[in-house]
Amino acid sequence: LIWGLGLRTLLALAGLAAGIYFAAAFFRSVSASLRSVTEGVQALTRGDLSRRFRQHGSDELAQVTGHLEDMAARLSALVAEIRSSAVRVDQSGDAVARDGQALAQRNLEQAGHLASTAQAMTALDGVLQRGGNQLDGAQRITQGLQQQSEASRQSVGQAVGAVQTREASVRRIAEIN
């Protein structure tokens, strides 16, 4: 009976020791895996998208780790795409600013030409007014030319105003960029 009791105790202790060993090994394996996943998630939250998760196996923790790996890869691709888009937007903004400045320069040149035309029309109007007093027929022609000159002057004035408005808009666009 004592011999049987000692053997049972020995077997129970051996079983207990094996259980403790397997529990400790399982705990070490799981805690190391969880530590690795935790470190990887912390790296992601800091913005380190280059961090990769290393997990082997097919258990639930390995599946979660695989999903985190996929998420990190997608986030990295999205960030790269956003950066690329930002560069293209910046380049487009620069092109719009350059084109706006060129347009403003052309508008200034056109405004100068229109102003010269308006001055010439005004001078012509004055000459026609003086010469119109000498002849009745010339007076009718002069009146017609005056009306045309006035209409042209108003049109030129409107055109100059429109060019100045466009120039102000181009300056605002250039300031925004």
Supply the atom-to-atom distance Ser155 OG to Glu150 CD, rounded to the nearest 0.5 angstrom. 10.0 Å
Pairwise distance CZ(Arg35) to CZ(Arg28) - rounded to 0.5 angstrom: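 So the CZ of Arg35 and the CZ of Arg28 are separated by 10.0 Å.
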Can you tell me if Thr117 uses its side chain to pair, donor with acceptor, with the backbone of His113 under 3.5 Å? yes
Is Leu108 reachable from Leu103 through a run of I, L, V, M, F, W or Y residues, each pair having side-chain heavy atoms under 4.5 Å apart?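 No, separate clusters.
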Non-hydrogen side-chain atoms of Gln91 and Asp94 separated by less than 4.5 Å: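 No, their side chains stay 4.5 Å or more apart.
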In this structure, would Phe26 and Leu34 fall into the same cluster of hydrophobic residues linked by side-chain contacts under 4.5 Å? yes
So Thr122 and Gln119, side chain to side chain contact (heavy atoms under 4.5 Å, CB included) or not? Walk me through it. CA-CA 5 Å; Thr122 301; Gln119 288 175 352; 5.6 Å; no
At what distance, to the nearest 0.5 angstrom, does CG of Asp125 lie from CD of Gln148? 11.0 Å
Do Leu78 and Val41 sit in one hydrophobic cluster, given that two such residues count as connected whenever their side-chain heavy atoms are within less than 4.5 Å of each other, even indirectly? no
Look up atom CG in Leu16 and atom OG1 in Thr9, then write down how far apart they are to the nearest 0.5 Å.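 Here the rounded value is 12.0 Å.
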d(Glu109 CD, Gln105 CD) to nearest 0.5 Å is 5.0 Å
Do Arg88 and Ser85 have a side chain donor and acceptor closer than 3.5 Å? yes
Just wondering, do Arg83 and Val87 contact through their side chains at under 4.5 Å, heavy atoms?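 Answer no - side chains too far apart.
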For the student: nearest non-hydrogen atoms of Ala72 and Leu44, plus distance: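 Smallest interatomic distance, heavy atoms only, reads CB-CD2, 3.7 Å.
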